[in-house]
Every structure is written in structure tokens, then in C-alpha cells.
Amino acid sequence: MSERFITVQEVAERLRIHPQTVRLWLRQGRLKGRLIGGTKSGYRIPESEVLRVLSGDDEMEKLAT
């Protein structure tokens, strides 16, 4: 079964954060995603990444505390 990829805006809405924060987390490696079609199309993030962050299984968060 193929994984569903979602946009930065969709991730921001689900996590209730600003889209710029999503992009920052992508650049920092806190979220895994792919830049599709260059900067114009933007990032696509696997839905599993959003679920990982929501479940609290976020290594970056553990390191920050």
C-alpha cells in the first residue's frame, strides 16, 4: 500500500502550527519530507510523520527537554 503524502499547509492545520514552522522543522530534520518539483511545488510530508509527532514519538522533542 502506498503512503499518502500531504502538503505543508495540511500538516500545519493538523498540528495547529504555522506553515513556516513546518518548513523550519523540515529543514532541521525534525520532520521528514520531500521537496517535489522544486521550490514552486513545495514539500510533501508522509502522513506517518504527522502521526509520529502527534503520538509524542519525536526524538527532537525528547532531546530538547
Side-chain angles (χ1 to χ4, degrees):
M1 188 157 112
S2 183
E3 172 124 42
R4 181 169 182 253
F5 285 81
I6 57 178
T7 66
V8 167
Q9 185 64 40
E10 290 173 305
V11 172
E13 289 170 6
R14 290 183 188 194
L15 298 179
R16 296 183 180 169
I17 58 176
H18 197 277
Q20 282 301 104
T21 303
V22 174
R23 290 183 190 94
L24 175 65
W25 288 1
L26 285 161
R27 288 191 303 271
Q28 291 175 338
R30 184 171 178 176
L31 275 174
K32 293 177 183 140
R34 296 183 180 145
L35 196 55
I36 305 293
T39 57
K40 195 163 195 161
S41 295
Y43 286 97
R44 295 298 182 271
I45 300 97
E47 198 165 24
S48 62
E49 279 295 292
V50 177
L51 297 174
R52 182 183 59 81
V53 171
L54 287 173
S55 73
D57 189 24
D58 185 4
E59 287 300 316
M60 294 286 284
E61 188 70 28
K62 291 175 187 173
L63 293 173
T65 56

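Because only heavy atoms are used, hydrogens play no part in the values below, and waters and symmetry mates are left out as well, while side chains stay in.
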Under the side-chain contact (heavy atoms from CB on, under 4.5 Å) criterion, do W25 and L15 qualify, and how do the steps go? CA-CA 12 Å; W25 288 1; L15 298 179; 4.0 Å; yes

Chi angles and distances behind the side-chain contact (heavy atoms from CB on, under 4.5 Å) call for I45, K32: CA-CA 6 Å; I45 300 97; K32 293 177 183 140; over 6 Å; no

Are L31 and I17 connected, step by step, through hydrophobic side chains (Ile, Leu, Val, Met, Phe, Trp, Tyr) whose heavy atoms are closer than 4.5 Å? yes

Report whether I6 and V22 are members of the same hydrophobic cluster (ILVMFWY, side-chain heavy atoms less than 4.5 Å apart, transitive linking). yes

Contact summary for Q9 and P19, nearest pair of heavy atoms: OE1-CG, 3.4 Å

S48 versus E3, closest heavy-atom pair with distance: OG-OE2, 2.9 Å

Separation between CZ of R16 and CG of L54, rounded to the nearest 0.5 Å: 10.0 Å

Distance col, row R34:CZ vs L26:CG, nearest 0.5 angstrom, shows 12.5 Å

What residues form a side chain to side chain donor-acceptor pair (under 3.5 Å) with R14, not counting sequence neighbours? E47

Output yes when a side-chain donor or acceptor of E10 lies under 3.5 Å from a complementary backbone atom of T7, and no otherwise. yes

Begin with the C-alpha distance, continue with both residues' side-chain angles, and end with the deciding distance and a verdict on side-chain contact (heavy atoms from CB on, under 4.5 Å) for V8 and R23. CA-CA 7 Å; V8 167; R23 290 183 190 94; 3.9 Å; yes

